[in-house]
Peer 1: 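Structure below; questions to follow.
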Amino acid sequence: MPELASLGREAPHASLRRARDRDRPLDGAWDFKLVGRPEEAPAALVQKRGWRTVDVPGLWTMQGYGRPQYTNVVMPFAEPPPAVPEQNETGLYRTTFTVPRALRRRPAIVHFGGCEGALYVLVNGEPVGIAKDARTPAEFDVTEHMRFGEPNELVAVVVRWSDASFVEDQDQWWHAGLPRSIRVISPSVRDVRWRGELDGSFRVDAEPGDGVARLFDRHGKVVAESRLGEEGGLRRPELWSAESPALYRLEVTAGNEPVSCDVGFRTVEVRDRRLLVNGKAITIAGVNRHEHDDRRGRAVTRAGMEQDVALMKRFNVNAVRTSHYPNDPYWLELCDRHGLYVVDEANIESHAYYDELCDDPRYRAQWVERVANMVERDKNHPSVILWSLGNESGYGANHDAAAGWVRRRDPSRPLHYEGAIKLDLHGGRAATDVVCPMYADVDTIVAFAEEETGDPRPLVLCEYSHAMGNSNGGLADYWAAFRRHGALQGGFVWEWVDHGIRDGDRWSYGGDFGDEPHDGNFCADGLVWPDRTPHPALEELKFLAQPVDVTSRGAGRYRIRNRRDFTSLADLTVTWELTADGEPVSDGKLPALRIEPGDAKDVSVLLPAGDGERFVTFRFHDAEGREVARVQLPAGGRPARAARRGKAFAGELFPDLVVAQPRLQLWRAPTDNDGLPLVADKHVGPLDRWLALGLDRDDLSAVATHTERRRELPDGSILVENTVELADGVDDLPRVGVVLHLRPGLEQLEWYGRGPWEAYSDRLSSTVVGRFRSTVTGEYVPYIAPQEHGHHPDTRWLRLTDERGEGIEVRGVPTIGFGASHFTAGDLTAARHTDELVPRAETILSLDHAQRGLGTASCGPDTAEAHRLRERRYAFAYVVRRISAP
Ligand code: GAL
Ligand code: MG
């Protein structure tokens, strides 16, 4: 019954810390039984047999019952809303709890932090209520069913599919169970509401409304006090921002109960096409974060959340959208404490019935209640700067109803909802105060910024730069636009973490559990792997979002700019290093930089004269010694040129080392952006065209003519000159280059060029030119779906040697791209999972004149024209030399 959002559920309220005896956790082992249909629940509950135990919090789909299922848009079953399938897994959870007699004059309330599936609660056999919103607390007053001082039976019946499933159709795994903490509370204070202004005035309201509020600073000292409902004040408060997350502890005592939460002084407003925090326009270097743990599903742990927040801060991420539902409340505590701006999103997505349910009056109550549950729970968190009405649910009357409720209840924060501006960037003003499109291309957002308009709203991309597999091509173009146009205030990369599920030695994705329908690996689209190892693309975001910029003013003078909004650069140590042909020449340290937010200062660096290709690299480290920013600038000189004169050479290239001679290679193992090879029926990017041309075949004579001319140079090295002429109709290729196989054992890799991580022509801002060492095995980048990886464009030279130091050197003329691997492009193309790859003993060396950029066509714009391969004819050369043992 969609009209019923909940039954017997307590009014939502702010997250509060309570004394131990008022807040008793019920987490641990619970009795559990799974039945096939809700109708079987009553009989199964009274039957003694068949109970096992499971951990709570936990999802039965990750605990050996049923299975997870991954779909993006489509519902996991065929029935139209609000109907659900007759076969409908139902989990029965049972535990006992005791509340001391001393607390019998207080209410006893059971609190479920969340529930995946519709929740029915019984205490001592009596039904106490129903809740549907999976991701906000469901609380039930059970006082009248209780026996104080004695064990009470608590039963939670969780029905996997319900009318609510249609508004929880987010692109993620479908799970079921009890993913969040459960407890019994005995509250006197039900709710607390904080309002703080920049001048230090504040007001605290609570329920009950009679009592006192005290504010403590971070040293635990009381700095202000007021009566509830009356204005208080603090002189010169420290303001909260993501850069300087100053918190105060608010303690409220009413009805004899002290409760507390963290609060901050900060404002948010939208004015003159700017989103202002504390009156200043900020730039959002954000990510979308789903709750995902590769062994526990959405039942995430505190340690996992702490790891995420630390990693985000380390990579210059300053904002997170809780895509697509209110997160575990601990996440917001961490964002408050460590400094991340939050777009808090309501648990509403009706993607499969996009335009229908948002105007369906039967769902109106669920819409409003879900938004209200979030706002009430999270209203005191300074980190929350925007309320989001949900995701991908069209735009209808139910949205306006929810928006109206929030505007009245919390005028202190603007609204965010993508659906409202989807058809018209200037539309939907009732439901969104920021223009927050997803996957808009750079031209579109720049046009928006340049438009003369009466629309007071700035643009923040709610999703962009789809991080699926080897991705995020073109991220630098977005950032150039953000830096140039004040009305473009950044955005949230899609997304933070790959939703791979740990399965033996690998991470599995949609379809691997026999789940049907499914959307393959479309859920593996994060900036970090499921174990939180960063993808190389996260380095690109870190670089683009870094708080410092350096430009050359000539003659050893450099301009250092502070890109922060609130704090100076005084906390950073700055060092510089000059290299010539990759070798360090000199270095130094700059005096502390007192550069105020937005300001710049010129510094002089004494660079000794010398030969070779020179770069100066500035590095900025924080007090913990972590690098937060790095800028490399050319400082003159050129790499040495290879000789091109020599005698014609008809033989093989060092046949003892090169076991398969160079061969034209136009194919690369398709990236997800090249065409979603593992998602059924999705045709994006150029992949279909490449397959139709047969670029993946060994015999390329129908598509291109490759000629090679070899010469032996005076030092015994061989110059190899190549031309590639494409047949008519062959255009926009994955790569142009050659591949050669080297004898087993050439494992040690050293190169001078871009590094240290893999880079592509449209994702290389974060690399520097230098000398790097690696191994062939270490060059493997384990994208969950095997695909092209490990490319290093603009390489001056590379060496592959064995342990004795014997091997080969390849020089570009003047540069070349390369990738060294134990897998061929064909091996990577054939594998669907990492555990299907068997490394070859040989080293497969790809020498690329060029590769197509990465783009983000898996969801968003394809590779920009400038990073495509559109010539009819290519000419390139390289020099191969034997390296003998020293
Ligand atoms: C968006 C959506 C996300 C996700 C993404 C593609 O349309 O909001 O939930 O599906 O595309 O990965
Ligand atoms: Mg969706």
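Atoms within each ligand, like the ligands themselves, are counted from 1 in listed order.
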Peer 1: Do Trp529 and His535 have ring centres separated by under 6.0 Å?
Peer 2: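 Distance test on ring centres: under 6.0 Å, yes.
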Peer 1: Answer with yes or no after comparing the ring centroid distance for His290 and Trp496 against a 6.0 Å cut-off, counting only values under it.
Peer 2: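 No, ring centres 6.0 Å or more apart.
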Peer 1: Can you report which non-hydrogen protein atom sits closest to atom 9 (O) of ligand 1, along with the distance?
Peer 2: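 The answer is His324 NE2, 2.6 Å.
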Peer 1: If the threshold is 4.0 Å, N to carboxylate O, is there a salt bridge linking Arg321 and Glu463?
Peer 2: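 Yes, Arg321 and Glu463 are salt-bridged.
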Peer 1: Nearest protein heavy-atom contact for atom 12 (O) of ligand 1: which residue, which atom, what distance?
Peer 2: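 Protein heavy atom with the smallest distance to atom 12 (O) of ligand 1: His466 NE2, 2.7 Å.
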Peer 1: Please list, chain by chain and in numerical order, all residues satisfying side-chain contact (heavy atoms from CB on, under 4.5 Å) with Cys115, sequence neighbours excluded.
Peer 2: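 If we apply the side-chain contact (heavy atoms from CB on, under 4.5 Å) test to Cys115, skipping adjacent residues, the hits are Leu119, Val158, Leu178.
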Peer 1: May I ask you to list the atoms of ligand 1 that are less than 4.0 angstrom from any heavy atom of Asn391?
Peer 2: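 Counting atoms of ligand 1 from 1, those under 4.0 Å from Asn391 are 2 (C), 8 (O), 9 (O).
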Peer 1: Is the distance between the ring centroids of His485 and Phe448 under 6.0 Å?
Peer 2: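 No, the ring of Phe448 stays outside the 6.0 Å limit from the ring of His485, centre to centre.
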Peer 1: Strictly under 4.0 Å, does any heavy atom of Met438 approach an atom of ligand 1?
Peer 2: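 Yes.
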Peer 1: Taking only heavy atoms of Asp525 into account, list the atoms of ligand 1 that are under 4.0 Å away from them.
Peer 2: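 What qualifies from ligand 1 is 12 (O).
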Peer 1: In terms of residue, atom name and distance, what is the protein heavy atom nearest to atom 1 (C) of ligand 1?
Peer 2: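 For atom 1 (C) of ligand 1, the nearest protein heavy atom is Glu463 OE1, 2.8 Å.
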Peer 1: With a cut-off of 2.8 Å, how many protein N, O or S atoms neighbour the Mg ion (ligand 2)?
Peer 2: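 Excluding waters, the total comes to 3.
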Peer 1: Is the ring centre of Tyr760 less than 6.0 Å from the ring centre of His791?
Peer 2: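 Yes: the rings meet the under 6.0 Å criterion.
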Peer 1: Going by the rule salt bridge (Lys or Arg N to Asp or Glu O under 4.0 Å), which residues pair with Arg370 if we only count those two or more places apart in sequence or in a different chain?
Peer 2: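 Partners of Arg370 under the salt bridge (Lys or Arg N to Asp or Glu O under 4.0 Å) test: Asp133, Glu168.
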Peer 1: With ring centroids as reference points, do Phe77 and Phe166 lie under 6.0 angstrom apart?
Peer 2: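 Ring-ring flag for Phe77/Phe166: true, centres closer than 6.0 Å.
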Peer 1: Can you tell which of Arg180, Arg298, Arg135, Arg296 makes a salt bridge (Lys or Arg N to Asp or Glu O under 4.0 Å) with Glu291?
Peer 2: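 Result: among Arg180, Arg298, Arg135, Arg296, Arg180 is the only option passing the salt bridge (Lys or Arg N to Asp or Glu O under 4.0 Å) with Glu291.
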Peer 1: Checking a contact table here: which protein heavy atom is nearest atom 7 (O) of ligand 1, and how many Å away?
Peer 2: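 For this ligand atom, the closest protein heavy atom is Glu392 OE2, 2.4 Å.
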Peer 1: Does the gap between the ring centers of Trp507 and His292 come in under 6.0 Å?
Peer 2: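 Ring centres of His292 and Trp507 not closer than 6.0 Å.
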Peer 1: Which protein non-hydrogen atom lies closest to atom 5 (C) of ligand 1, naming both residue and atom, and how far is it?
Peer 2: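 Result for atom 5 (C) of ligand 1: Tyr439 OH, 3.3 Å.
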Peer 1: Would a line drawn from the ring center of Tyr341 to the ring center of Phe492 be shorter than 6.0 Å?
Peer 2: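 That pair fails the under 6.0 Å test.
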Peer 1: With a heavy-atom distance limit of 4.0 Å, tell me whether Asn288 approaches ligand 1 through its side chain, its backbone, both, or neither.
Peer 2: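 Neither part.
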Peer 1: Sequence neighbours left out, what pairs pass salt bridge (Lys or Arg N to Asp or Glu O under 4.0 Å) with at least one residue falling in residues 507-517?
Peer 2: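 Qualifying pairs: Arg506-Asp512.
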Peer 1: Go through ligand 1 atom by atom and flag the ones less than 4.0 Å from a non-hydrogen atom of Asn72.
Peer 2: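 Listed by number with element, the hits are 10 (O).
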Peer 1: Within ligand 1, which atoms have a heavy atom of Phe522 less than 4.0 Å away?
Peer 2: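 This gives 6 (C), 12 (O) as the contact atoms.
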Peer 1: What residue and heavy atom of the protein are closest to atom 4 (C) of ligand 1, and at what distance?
Peer 2: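 Answer, as residue, atom name and distance: Asp171 OD2, 3.2 Å.
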